[in-house]
Structure formats: C-alpha cells, structure tokens
**Student:** 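Structure incoming, see below.
Both ligands and their constituent atoms are indexed starting at 1 by order of listing.
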Amino acid sequence: MPSARKDNLDAEKLKAAAINEIDAHRNQLSELSLKIHSNPELAFQEVKAVTWLTGYLKENGFSVDQGICGLPTAFKGSYGQGKPVIAILAEYDALPKLGHACGHNLIATSAVAAGVASKLTMDRFGGSILVIGTPGEELYGGKAIMANRGAFDGLDIAAMVHPNVKNTATTQFLACQTLEVEFFGRAAHAAARPEAGINALEAMLESFAAINSLRQHIKDKARIHGIITDGGEAANIVPAHSAGIFIVRAEDDSYLDELKERVINCFIGAATASGARLEYRWGAVRYAPLRNNLTLARLFRRNLQSLGRKVHLLDPANSFGSSDMGNVSQLVPSIHPSIAIAPAEALIHSPQFASAAVSEAGIRGLLDAAKALAMTVIDLVANPVIVTRVKEEFKRGK
Ligand SMILES: [Zn+2]
Ligand SMILES: [Zn+2]
C-alpha cells in the first residue's frame, strides 16, 4: 500500500479517536468551562482560569511554561517535538460588568480539549502541538504584546475558534488603534464672564462634528467611533477640561495610517477654532488586520461540516470588529473561525451572549470547535503537502 494512502487511513482513524476522546471528556470539559464562566477575571488578571487550564494540560501529559513573555497569565503548553509546530490559541479574559459575554470560557476549554485530543497524532506522525494561553484580548491586545516578544516565532500554523451566532471558517478583522484625547481650556463663570473662558467641551464637540463630516468620505469598512469621558463640572462653569476615547479602524494598515492623520487633523482644527490646547495619545497596542489563510479555512470548514454544521467560508453578515489574532496572522498562517452558540439576533458582549456561553448550545459549540480543531491538526500533520500549501498561500499574500 502506498504510504500516502496508509497515512490517510490512519488520519481517518485518528479523527475518530479524537472525537471519541473529546466526547469521553465531555463532563470534565463542560465543568472546566462553567468554572471559568462563573469566575470571570478581567484582562491580565486571569489567575484562576490559567491554573485550571494549565492543570488540565499537565494532567494530560503536556509540559507547561507559565508566565511567558513577561505576562504572568500567559502560558505555553506543549506536547511532542519537531515539525510541524501547530499552535491552538486560548483566550480566557472576561468583560467588565458583563463577565464572559464574549464566551472566552468556551475558547479556552476548546483549545485545551483540542490540544489533548491531538496527542495521538503527534505520537503517530511526529510534530509538536502547542496550546498557547493568550491573556487580555479584550482590553490590552495580549497577543500583540506576545507577538512583539516572540511568542509566535517558529510556529507553522496558529488557530483558534471564537463563539458567535454563526458558523464561519473566516472572520473579517480590521486594523485598529485607540486614541485618548484631552482639551485644556480656561474656566470662567458661564454667564457673568463667558468671554473670559476657553471652552474645552466645545472643542470636543467640534471634533465630533469634524469627524462626522470626515466619515462621509472614508472607505467602506473604515470605522471611527468615540465617547466623551469628561465634559465639564457644572453648567455654570465654562469647561476647562474635556476628555474622550476614540477608536479608529481600517481594512489595512496603510489606510489606518492615513485615517489616523485625518482624525488628528479634526482635533487640531477644533483646538485652533476654540483656543483650547490639545493633547493626545495613541494606544500602545495597535491591532493588525486578520489575514485569513483560506487553505486552512477550507480544511477547517470541511471538518466542522463533517460534524453536521453548515459552515460559511466567508461571513455572509459581512460584519467586522478587530482582534489581536490579527497580529498573530501577520506572522504565522492563521485561522479564527466562528462557531454558532446563540440565535442570529443575539449580540456578542451582551448579557444574552453571556448566558449562551453556559448553555447547552455553548457546550455543543465547545465540543464541535475542539473536534474540528483536532481534526484539522490531524489533516495537517498527516499530510505535509497541505502544510506546504498553507505556507505558500501565506508567502503569496505578503
Ligand atoms: Zn469580545
Ligand atoms: Zn472575544
């Protein structure tokens, strides 16, 4: 029998074994997911989640390095050795007030489940499976920091699955950066001496007006949105200080650079008009756009469909946010598919989605995500030619 054919047969058997292994751990996995959900920890404070996740990996034969990249709640679990090196990424931070309304408890649990279910494959074919714990996705772009500190160097492939209201093999993520703005004016009695004041709030409102005008003439997928965090103290005082936070997003890095400059010009114009002094700071972390590796995405899609889900290759809703997975995808061929755990009308980052993340549909999503990830690992390790194709696509896109 030609060896390629034999490897394929083995791959099918390994897939069946991975599915059985994940089903056999169903109770343990759903308990792990529930525990993380009922102990929500904010970005970079995910101490309990990391203890439980790394505990599960160690119990199942992984070696674990915790606190990598100078981040106490980042970790790397590894099993096997040599090439290819395939990483499954885990997120486990919660949102302020809303808890696990982004379902990261499911991401984390599916990642460790898929890692453990890939062990037999590494034993059979060689290669390394990593589960990389990436903290602080929601607030600080943990993966962007880890990417700068070399956490993803030497990987051949990176993948994670995010819960959502649809099954898609790819995701659109925009490049983005946060901007903090302050205006400094001069306080005065708003009725008695208005001519003596410099109104920092008006400068902020002018900025919003200028940005609203700009928004009519920017490219389709670009986004500019912001809030006012300080608008003055009392209605009878000319506001001496105003502050706001904005996010600027664009489909690619060069358009983001252009847009950033145009947005700053809106603030400079408002400062000139009002006489208030402007200060601004761009966020330390810049999110890169997501590069979807379609070879990988198609492979994942086939595996997830084999579990009985209908999976879109591209997102039919054509919606887009941003994620630090974008930064990983600039370095390593990556996928960030979505798995449906809630009805189409549910909103991510809402209390309804937090409930979905512990529902029966949430558990099914966790298990299917883990299975499809493990099956994709099997395809890649059993067929080195696919890894080559994935890498060729990545190089072509650079
Ligand atoms: Zn989120
Ligand atoms: Zn999320």
**Student:** What protein N/O/S atoms are found closer than 2.8 Å to the Zn ion (ligand 2)?
**Tutor:**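 Protein N/O/S atoms under 2.8 Å of the Zn ion (ligand 2): Cys102 SG, His104 NE2, His162 NE2.
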**Student:** Which heavy atom of Tyr92 sits nearest to which heavy atom of Ala74, and what is that distance?
**Tutor:**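 Taking every non-hydrogen atom into account, OH-CA, 3.9 Å.
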**Student:** Quick check with a 6.0 Å cut-off and a 45 degree axis cone: is Arg291 positioned over the face of Phe394's six-membered ring?
**Tutor:**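 Flagged: Arg291 positioned over aromatic ring of Phe394.
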**Student:** Just by distance, no angles: are the side chains of Thr295 and Glu393 close enough, under 3.5 Å, to form a donor-acceptor pair?
**Tutor:**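 On atom types as modelled, these side chains qualify, holding a pair under 3.5 Å.
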**Student:** Write down the atom of Ala94, the atom of Pro40, and the distance for their closest heavy-atom approach.
**Tutor:**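 Of all heavy-atom pairs spanning Ala94 and Pro40, the closest is CB-CB, 3.5 Å.
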**Student:** Which pair of non-hydrogen atoms, one from Cys176 and one from Arg249, has the smallest distance, and what is that distance?
**Tutor:**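 Looking at all heavy atoms of both residues, the closest pair is CB-CG, 3.4 Å.
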**Student:** List for me each residue that meets salt bridge (charged side-chain N to carboxylate O under 4.0 Å, His left out) alongside Asp253, sequence neighbours excluded, and say none if there are none.
**Tutor:**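 If we apply the salt bridge (charged side-chain N to carboxylate O under 4.0 Å, His left out) test to Asp253, skipping adjacent residues, the hits are Arg286.
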**Student:** What atom name does the N, O or S atom of His349 nearest to the Zn ion (ligand 1) carry?
**Tutor:**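 Answer by atom name: NE2.
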